[in-house]
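Structure incoming, see below.
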Amino acid sequence: MDRRSFMASSMGMATAFLASNMVYGKHWQVEEIETLDAAASEEKWPKGEFFIFDVQTHFTNGIPLGFRNMEFIRIWASI
């Protein structure tokens, strides 16, 4: 499996969450086996029709980044 496919898989997401737990403290319910075996996370996976992962908030240490005022964002948002 190439790196891009791994990071797009449940194992890649588990790896990212496990690394975050190591740096910031245990906030995500993830086990090390989930980074190696895709079947290990199937029981935790949402059972409904849709899975929503909210990525609209970003960690910035409280510093406003001003994305909404950037020209390319205003153009993109108006499309």
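For clarity, every value in this text was computed on a predicted model and none was experimentally measured.
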Quiz item: Atom CG of Asp37 and atom CE of Met11: how far apart are they, to the nearest 0.5 Å?
Solution: 8.0 Å
Practice problem: Starting at OG1 of Thr35, measure out to CE of Met13 and round the result to the nearest 0.5 Å. | Solution: 14.0 Å
Quiz prompt | Gap between atom CD of Gln29 and atom CG of Asn21 - 0.5 Å precision | solution = 9.5 Å
Quiz prompt | Straight-line distance of Ser9 OG to Met1 CE, nearest 0.5 Å | solution = 5.0 Å
Self-check item: Separation between OG1 of Thr15 and CD of Glu32, rounded to the nearest 0.5 Å
Solution: 9.5 Å
